[in-house]
Amino acid sequence: MPQISPGDTAWVMISAALVLFMTIPGLAMFYGGLVRAKNMLSVLMQVFVIFSLMMVLWFVYGYSLAFT
């Protein structure tokens with residue numbers, strides 16, 4: 001059985017965090033460009049809430065499906 005490397009695990013966690021940190025502003029700016037300037041904060045909050053919900057659903061359902 002292969003042994004889990006702490007360095008590989010740390011790299012995967014850092015990479016996942018970087019993707020999470022660039023996804024929310026990227027999506028917010030993309031969809032924010034489609035609305036008027038006064039609605040930008042609303043779009044940012046909608047993207048943040050949907051992304052947070054999807055992350056929670058992944059931890060609850062996706063993680064258990066993938067690793068059990």
Side-chain angles (χ1 to χ4, degrees):
M1 183 171 176
Q3 193 172 12
I4 296 174
S5 169
D8 290 342
T9 304
W11 174 247
V12 168
M13 290 173 65
I14 290 170
S15 299
L18 289 173
V19 168
L20 290 176
F21 288 142
M22 73 179 183
T23 300
I24 294 174
L27 283 174
M29 283 191 261
F30 176 74
Y31 288 116
L34 301 174
V35 298
R36 294 183 182 183
K38 66 178 185 175
N39 297 330
M40 180 62 188
L41 182 61
S42 172
V43 170
L44 176 65
M45 291 308 299
Q46 289 173 14
V47 167
F48 181 73
V49 169
I50 294 295
F51 194 79
S52 299
L53 178 66
M54 293 307 295
M55 192 168 56
V56 169
L57 287 174
W58 160 248
F59 281 120
V60 172
Y61 295 112
Y63 187 82
S64 64
L65 284 172
F67 297 108
T68 57

Novice: Does anything in residues 26-50 pair up under side-chain hydrogen bond (donor to acceptor under 3.5 Å, both in side chains), and if so which pairs, sequence neighbours excluded?
Specialist: S42-Q46

Novice: What about V56 and Y61, same hydrophobic cluster or not, with Ile/Leu/Val/Met/Phe/Trp/Tyr joined at side-chain heavy-atom distances under 4.5 Å?
Specialist: yes

Novice: What distance separates F48 CZ from L53 CG, expressed to the nearest 0.5 Å?
Specialist: 11.5 Å

Novice: Test of understanding: with side-chain contact (heavy atoms from CB on, under 4.5 Å), list the residues that count as partners of M55, not counting sequence neighbours.
Specialist: L20, F59

Novice: Should we count CD1 of I4 as having more than 12 external heavy atoms under 6.0 Å?
Specialist: no

Novice: Do M13 and V19 belong together in a cluster built from hydrophobic side chains that touch within less than 4.5 Å?
Specialist: no

Novice: At what distance, to the nearest 0.5 angstrom, does CG of L27 lie from CD1 of I50?
Specialist: 11.0 Å

Novice: Keeping to residues at least two apart or across chains, list the side-chain hydrogen bond (donor to acceptor under 3.5 Å, both in side chains) pairs with something in residues 10-29.
Specialist: none

Novice: Identify the heavy atoms of M40 and M29 that sit nearest to each other, and give their distance.
Specialist: CE-CA, 4.2 Å

Novice: Considering non-hydrogen atoms only, spot the tightest contact between G32 and V43 and give its length.
Specialist: N-CG1, 3.8 Å

